[in-house]
Undergrad: 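Here it is, the structure in full.
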Amino acid sequence: MDFNDTPEEAAFRAEVRAWIDANAPKHLEPELRRASFASSGLVSEDPVTAGKAWQKKKAAAGWACLHWPKEYGGAARSPIERVIWSQEEGPYASLSGIFIIGHGMCGPTVMAWASEDQKQARLPPLASGEEIWCQLFSEPASGSDLAGLRTRAVKADDGSGDWIVNGQKIWTSGAQHSDWGLLIARTDPDVPKHRGLTMFFLSMHSPGVKVVPIKQANGASGFNEVYFTDVRIPDAQRLGEVGQGWQVSLTTLMNERLSIGAGMSTGFPDVFRYCMEAEIDGRPAVEDANVRSKLAQFAVRESGLRYTGMRAISALSKGETPGPENSIGKLVAGATMQELAMFALDLQGEAGVVWDEDSPQNGRFQSVLMRSPATRIEGGSDEILRNIIGERVLGLPGDIRVDKDLPFREIPTSGRRKG
Amino acid sequence: MDFNDTPEEAAFRAEVRAWIDANAPKHLEPELRRASFASSGLVSEDPVTAGKAWQKKKAAAGWACLHWPKEYGGAARSPIERVIWSQEEGPYASLSGIFIIGHGMCGPTVMAWASEDQKQARLPPLASGEEIWCQLFSEPASGSDLAGLRTRAVKADDGSGDWIVNGQKIWTSGAQHSDWGLLIARTDPDVPKHRGLTMFFLSMHSPGVKVVPIKQANGASGFNEVYFTDVRIPDAQRLGEVGQGWQVSLTTLMNERLSIGAGMSTGFPDVFRYCMEAEIDGRPAVEDANVRSKLAQFAVRESGLRYTGMRAISALSKGETPGPENSIGKLVAGATMQELAMFALDLQGEAGVVWDEDSPQNGRFQSVLMRSPATRIEGGSDEILRNIIGERVLGLPGDIRVDKDLPFREIPTSGRRKG
Amino acid sequence: MNLDFSDEQKLLRDQVRRFLEQRCPPAAVRAVLEGEAEYHAALYAGLAELGVLGSAIPEEYGGVGLGHLELCVLAEELGRALAPVPVASSIYLAAECLMQAGSEAQKAAWLPKLAAGEAIGCFAIAEGRGRMSAEKVQARVEGDRLSGAKAPVADGGIADFCIVAARDGDGVSLFLVDLSAAGVRRTALKTIDPTRGQARLDFDGAAADRIGGAGDGWHIASQVMDRAAILLAFEQLGGADRALEMGRDYALERMAFGRQIGSFQAIKHMLADMYVAATLARSNCYYGAWALSSAAAELPVAAATARVSATTAFQHCAKNNIQVHGGMGFTWDFDCHLYYRRANALALALGSLSTWESLLIERMSAGNREAAA
Amino acid sequence: MNLDFSDEQKLLRDQVRRFLEQRCPPAAVRAVLEGEAEYHAALYAGLAELGVLGSAIPEEYGGVGLGHLELCVLAEELGRALAPVPVASSIYLAAECLMQAGSEAQKAAWLPKLAAGEAIGCFAIAEGRGRMSAEKVQARVEGDRLSGAKAPVADGGIADFCIVAARDGDGVSLFLVDLSAAGVRRTALKTIDPTRGQARLDFDGAAADRIGGAGDGWHIASQVMDRAAILLAFEQLGGADRALEMGRDYALERMAFGRQIGSFQAIKHMLADMYVAATLARSNCYYGAWALSSAAAELPVAAATARVSATTAFQHCAKNNIQVHGGMGFTWDFDCHLYYRRANALALALGSLSTWESLLIERMSAGNREAAA
């Protein structure tokens with residue numbers, strides 16, 4: 001057991017460090033260090049412009065999409081090299097936040113299911129940051145139950161082979177900046193729900209696509225609704241067979257949960273720092289027995305997640321596949337963030353209600369309080385994650401499914417009130 | 001809002017108090033005050049003998065089974081009078097603990113379903129404490145899922161009309177002292193499980209009945225297994241129709257959860273008292289901020305249960321039926337007991353592991369630690385109680401039932417391991 | 001024994017609930033959340049007209065003279081509807097303080113206006129972050145002139161007068177300050193719950209009129225805050241109950257995997273636990289109402305009990321109501337966040353949960369020691 | 001980076017696990033729980049033979065000289081099997097203390113016997129209830145003679161020698177006491193976990209040989225307890241993991257309502273939460289193992305981290321394993337209570353959870369202050 005690099009890893013790290021040192025936009029570092037979940041932290045420049053510039057620079061030097069094959073614009077680096085890169089990239093990584101979905105989910109899906117021509121056309125500009133992708137999966141009536149989606153794709157009756165799409169997607173991050181979208185739609189409502197789906201990709205600039213930002217409970221708008229009105233998609237932009245959309249989507253989702261959960265922080269270090277400064281009855285808060293007991297339990301969750309991440313990296317470093325431990329990341333971090341925010345506000349007393357730049361750490365705890373409920377839902381709710389751990393990690397049976405063999409159109413769609 | 005009796009209630013209370021003052025076995029009071037959940041606390045006398053004597057005295061003076069009709073040995077008192085009685089009976093109530101199941105569950109079931117002859121024969125000696133009853137419902141393979149029981153009753157082939165019972169029951173409190181038992185058995189395994197059950201009562205002195213105490217995790221034996229080998233029951237001791245056993249059992253269970261949950265204490269007062277005495281770093285534990293925070297949360301659960309009970313009494317006092325609030329009693333008290341025990345041991349430090357008469361409060365917290373896991377299970381597990389609150393109080397839908405319409409013998413009986 | 005409200009009080013509750021359903025739907029709350037107004041003035045006037053504001057104020061001072069049980073009933077409804085009005089500041093705190101410690105002239109000057117909704121009062125103890133304490137009070141009165149700063153002050157931006165804790169000689173006293181007078185500067189503060197405004201008040205030689213005895217300020221303020229804590233606990237109870245109902249209703253309506261989501265144990269048991277928390281809070285609040293209305297010696301313990309229980313319940317229910325709603329629960333358009341904001345804001349009013357936890361056990365142990373002595 | 005055990009260490013683990021499955025099945029644990037013997041002597045001899053006891057003891061003192069990472073691996077397996085043997089007292093504490101602070105003669109006298117399982121050592125700090133502290137030490141040594149009482153002392157009933165914290169002049173020092181000598185009285189104590197014996201030791205002029213410098217006793221004892229805490233955390237981790245497995249297996253086998261009970265979300269999610277707790281504990285324990293084996297400056301923080309996390313996880317898993325099992329889980333015949341007893345007993349060893357929580361934050365904040373200075 002040690003925390004040191006192997007000689008090869010150390011050499012790679014030195015190379016990365018030197019390149020970043022010479023090329024990173026250092027003037028942005030202080031802002032980027034204030035990045036929080038779902039925000040790059042950037043205010044002095046447009047995040048999309050700055051993000052595209054950084055990605056382009058990386059791509060030119062061979063540092064884009066380390067895990068992708070070289071023929072599609074990647075660098076074909078090993079998983080552990082990818083980890084070292086991200087450790088060294090540090091705060092600048094948040095500049096590339098707009099590409100996470102494209103590089104982590106859409107790209108791998110296209111790579112697995114598209115024709116060679118399509119891959120050659122679409123992947124390099126995605127890798128180099130010229131094009132941004134978004135993922136069009138969730139719908140208002142199908143969140144956790146993704147396969148219950150209702151957006152319809154029907155063959156055009158003009159013999160073109162094109163598909164005509166109508167419906168609505170929701171929770172689409174980055175849709176407003178995106179050039180392309182990965183879309184799952186229902187092509188057959190007369191078969192059981194998992195069997196009537198088909199995957200496509202489409203230009204977000206297509207006629208009939210309308211992006212509407214969702215105002216969130218915290219006042220921000222990180223997500224969008226996307227409306228489709230007679231949007232035309234060429235059949236060549238179908239991924240997988242008609243009716244095979246569910247299997248295709250599993251490629252995407254497998255990557256989504258990994259990338260959301262891995263290495264999440266609970267925000268403990270900020271709260272701990274605040275407890276070192278704040279006072280209770282004239283003494284440092286950190287000396288209060290109640291604060292200590294609560295902080296200690298938060299601390300071991302934070303360090304538990306940190307070392308769980310390092311265990312996964314250790315496995316990667318040895319060429320092994322990490323175990324299922326990482327699936328706990330978002331489950332633990334989401335709930336803990338929210339508890340920590342309430343705890344930090346409690347320490348502030350009546351003044352905890354105030355949310356402005358004079359609040360401790362620029363109002364960070366108030367922001368986390370208002371943002372954290374979403375963390376416990378997006379990308380797999382706490383309940384879905386517990387199901388995944390129970391079923392895929394512990395091998396417990398699935399929930400009883402009443403909709404499994406029903407044709408989609410016969411599945412009940414609204415709860416009837418008793419009495 | 002007030003905590004005072006109405007004039008009628010005050011008069012009744014005075015009458016009760018005077019009678020108890022004149023008749024209670026006062027020499028036993030100190031022992032009885034040490035009573036804990038599932039134990040009368042009595043050591044100097046045999047609890048069964050002492051219990052029967054007290055019940056007989058009460059019956060003779062018209063204080064037995066206050067809620068029963070007079071013709072069956074009861075006193076036909078109002079619910080609020082019953083509450084006042086139990087408040088005044090205080091520690092002596094634990095003497096009658098051996099009759100709780102008979103008076104609270106078996107008696108009402110017999111009253112609702114037996115013939116008039118049977119009622120005349122069985123209820124008065126139960127009311128007066130001459131006979132003890134037990135309840136033979138749970139089985140090793142059917143705990144929460146009571147209707148999955150397997151004890152079989154078949155018609156004797158001798159034309160007597162008698163039933164022959166074979167099988168096993170479990171978790172039977174007081175079976176070793178009981179004269180009679182209320183038994184639910186399967187009379188038809190070819191119909192869905194709720195429809196093939198029939199209720200009986202039988203003499204526990206019948207040939208073929210064997211009572212075996214269960215040693216519990218804490219070393220005590222409050223429960224028994226009861227084995228039936230070709231036990232003969234006259235058809236006249238059937239309650240309700242053949243196949244109607246489930247409906248009959250609901251009479252019993254409705255009463256069980258009420259009597260278990262109502263007015264439970266979490267044990268907080270003992271722990272609070274201990275925190276007043278114990279020290280942390282040379283100062284009273286009760287001054288420690290961590291102790292205070294945890295105690296406060298325990299305190300509001302204890303008082304919340306106490307005043308929930310009083311709200312129910314208030315409703316009774318006005319002739320109303322209490323709301324569903326009391327269903328939370330055991331759910332809250334069970335979990336809290338266990339947490340409180342761990343908390344009290346934590347305060348004792350390394351010495352908390354020691355469990356003897358020199359431990360604080362005679363080792364009470366160690367005893368609660370070892371007994372409380374059972375409280376969260378017996379008489380409806382935490383999970384069953386949450387289902388009840390969710391479904392019966394909040395009106396949420398029931399769990400999906402896969403066994404509902406299957407003939408009993410086709411219901412799967414063991415889990416198959418995957419892979 | 002009767003740990004319940006009377007039939008008349010329940011009728012009153014139904015009446016106020018209907019009134020608030022009509023006059024204070026979520027859209028009315030959102031108007032304050034999103035708009036410029038710091039409170040819903042028409043609703044406040046309506047509540048005055050209905051007699052809500054004056055319910056516990058004696059008739060001789062323009063009130064209805066019902067009592068504090070009625071005020072508890074009303075508080076629950078205001079909490080349930082998230083009413084964006086300064087009732088807590090003006091009635092639970094300012095009016096209560098005047099009734100407890102005000103001079104005849106002070107009462108006559110302000111109570112009728114408070115009851116009629118013609119004036120708004122507020123209560124300013126805190127000076128910045130952390131637990132409130134007498135030692136932390138830096139505001140100072142010299143020669144009937146107040147200087148110093150108070151923040152946050154609930155409803156300080158809209159109040160006509162303020163009751164301020166300030167140093168006077170060696171001790172802390174309470175002072176009544178007319179906020180329209182010279183030497184007062186108000187600054188609105190941004191908060192997590194804009195439906196209940198907060199402000200910073202800076203005083204620079206503002207005229208101050210002492211309430212109660214010199215040096216008695218902290219003692220009076222504590223008594224007033226205990227009483228207000230019970231009323232706020234009822235507001236929290238109303239909010240918790242409504243959040244539970246919203247979650248329950250959504251769990252019945254929303255389908256996933258072909259089932260109502262309330263048929264999944266994860267959701268069903270979450271709602272059951274919300275019910276448990278709300279029920280414990282209700283029972284503890286009733287205990288508080290009894291203590292408040294009967295001036296019982298248990299009042300300090302009952303106040304802390306109700307407050308700890310109701311804070312815990314409202315935060316628990318508001319947080320899990322969002323979780324039951326899933327993604328929709330986190331949109332601006334659904335009302336879940338209104339309850340979440342209020343739950344977390346009320347959790348800090350009059351001192352945070354950990355403060356009240358500590359107070360509860362301190363008071364219980366003091367009581368226990370006295371009983372033993 | 002490699003936060004994992006080596007392949008050789010994993011082989012060792014598999015070997016010891018097989019050994020314990022054969023030699024320490026639940027029946028062997030029950031023999032100690034229900035019988036007169038205070039520990040499983042044959043198993044202990046077998047562990048000595050296998051080299052487990054001496055794994056971290058240098059070869060020159062009769063050990064195997066592997067290291068502390070191997071000892072962590074072994075501790076996890078001992079915890080998993082609930083091995084009723086005095087490894088913690090004898091190896092994690094007594095041997096560790098001798099290695100840290102013993103004189104050449106003391107090490108030569110006892111380490112080979114400890115490694116061979118020919119002698120059992122124990123460690124006596126606590127004197128009665130509450131948190132251990134230097135101030136609480138009343139036992140006293142005058143002229144190499146020890147007087148006073150220590151309780152509870154884990155394995156004090158079976159040990160050959162004891163390391164005792166006692167006053168000597170003004171400070172607290174550690175002393176080695178041969179328990180077969182005159183002036184020693186042992187009294188067995190009843191405990192919640194009879195598979196790990198506890199005793200009270202009364203000393204009346206027993207011969208005592210100082211370990212380490214005069215007045216250094218508390219400092220050495222703290223260091224030793226930090227090291228032992230990491231090893232105990234591995235025992236807790238092993239227990240937590242096994243309790244989780246038991247619950248999982250039962251949830252797969254047990255049917256209710258025609259379904260495996262593991263298909264109910266209430267049970268499934270309970271087990272998922274147990275998995276989360278056990279996984280966090282494992283990662284924190286590995287951090288502790290790294291600190292222990294590399295003599296890192298982070299050792300005190302890592303020890304408290306591993307300890308808090310593993311205590312929480314084992315208590316959580318042992319408690320909910322019973323709940324998953326329902327009524328059967330509460331019978332003497334099922335093994336659930338063996339884990340519940342051990343979880344609650346280990347939670348108190350070397351100081352209770354709240355003590356370690358406090359230590360963790362105290363140490364983190366001290367480290368933070370130093371880093372800032």
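The structure presented is a predicted model; accordingly, all values stated were derived computationally and were not measured. Here is the naming used below: chain letters follow the sequence lines, and residue numbers restart at 1 for every chain.
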Undergrad: How about D:Leu280 and A:Ser303: do any of their side-chain heavy atoms sit closer than 4.5 Å?
TA: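 Not in contact.
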Undergrad: For D:Ser263 versus A:Asp399, what's the shortest heavy-atom pair and its separation?
TA: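 That closest heavy-atom pairing would be O-OD1, 4.0 Å.
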Undergrad: Could you state the interatomic distance from CD (A:Glu302) to CG (D:Asn284), rounded to the nearest 0.5 Å?
TA: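 So the gap between those two atoms works out to 10.5 Å.
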Undergrad: How far apart are the closest heavy atoms of A:Leu396 and D:Gly262, and which atoms are they?
TA: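 Closest approach of A:Leu396 to D:Gly262, heavy atoms only: CB-O, 3.9 Å.
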Undergrad: Just wondering, do A:Met276 and D:Arg369 contact through their side chains at under 4.5 Å, heavy atoms?
TA: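 They are in contact (side-chain heavy atoms under 4.5 Å apart), so the answer is yes.
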Undergrad: Give every residue pair that meets the salt bridge (Lys or Arg N to Asp or Glu O under 4.0 Å) criterion with at least one member in residues 300-317 of chain D, sequence neighbours excluded.
TA: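 The answer is none; no pair qualifies.
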Undergrad: Can you tell me if A:Arg82 has over 12 outside heavy atoms packed within less than 6.0 Å of its CZ?
TA: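 Not buried by this count: 12 neighbours or fewer within 6.0 Å.
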Undergrad: Atom CG of D:Asp273 and atom CG of A:Leu331: how far apart are they, to the nearest 0.5 Å?
TA: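 Going from the CG atom of D:Asp273 to the CG atom of A:Leu331 covers 6.5 Å.
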Undergrad: Checking side-chain contact (heavy atoms from CB on, under 4.5 Å) for the pair A:Lys318/D:Asn2: CA distance, chi angles, key distance, verdict?
TA: CA-CA 8 Å; A:Lys318 286 185 264 184; D:Asn2 179 28; 3.4 Å; yes
Undergrad: On a heavy-atom basis, which atom in A:Val300 and which in D:Ser309 lie closest, and how many Å separate them?
TA: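 Looking at all heavy atoms of both residues, the closest pair is CB-CB, 3.9 Å.
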Undergrad: CE of A:Met1 to CG of D:Leu292: how many Å apart, nearest 0.5 Å?
TA: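 Result: 10.5 Å between the selected atoms.
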Undergrad: Rounded to the nearest 0.5 Å, how far does CZ of A:Arg301 lie from OG of D:Ser283?
TA: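 Atom-to-atom, D:Ser283:OG and A:Arg301:CZ are 15.0 Å apart.
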Undergrad: Looking at every non-hydrogen atom in both residues, tell me the closest pair between D:Ala272 and A:Leu394 and how far apart they are.
TA: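 Reported closest heavy-atom pair: N-CD1, 4.1 Å.
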Undergrad: Which heavy atom in A:Arg311 sits nearest to a heavy atom in D:Arg282, and how many Å separate them?
TA: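 Heavy-atom minimum between the residues: NH2-CD, 3.2 Å.
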Undergrad: Can you see which heavy atom on A:Gly390 is nearest to which on D:Lys268, and at what distance?
TA: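 Nearest pair, atom of A:Gly390 first, then D:Lys268: CA-CG, 3.9 Å.
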Undergrad: Out of D:Thr305, D:Asp4, D:Leu360, D:Val276, return the one with the most heavy atom pairs under 4.5 angstrom to chain A.
TA: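 The answer is D:Asp4.
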Undergrad: Working note: D:Ile361 + A:Val291, criterion side-chain contact (heavy atoms from CB on, under 4.5 Å); need CA distance, chi angles, decisive distance, verdict.
TA: CA-CA 9 Å; D:Ile361 301 304; A:Val291 169; 5.9 Å; no
Undergrad: Kindly indicate, with the supporting measurements, whether the criterion side-chain contact (heavy atoms from CB on, under 4.5 Å) is fulfilled by D:Cys285 and A:Tyr307.
TA: CA-CA 9 Å; D:Cys285 280; A:Tyr307 298 116; over 6 Å; no
Undergrad: Would you check if A:Val393 and D:Arg248 make a side-chain contact, meaning some heavy-atom pair closer than 4.5 Å?
TA: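 Answer no - side chains too far apart.
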Undergrad: How long is the straight-line distance from CD of D:Glu362 back to CG of A:Leu295, given to the nearest 0.5 Å?
TA: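 Nearest 0.5 Å value for the CG-CD distance: 13.5 Å.
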Undergrad: Side-chain contact, heavy-atom cut-off 4.5 Å: D:Thr279 with A:Thr308?
TA: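 Yes, close enough: below the 4.5 Å cut-off.
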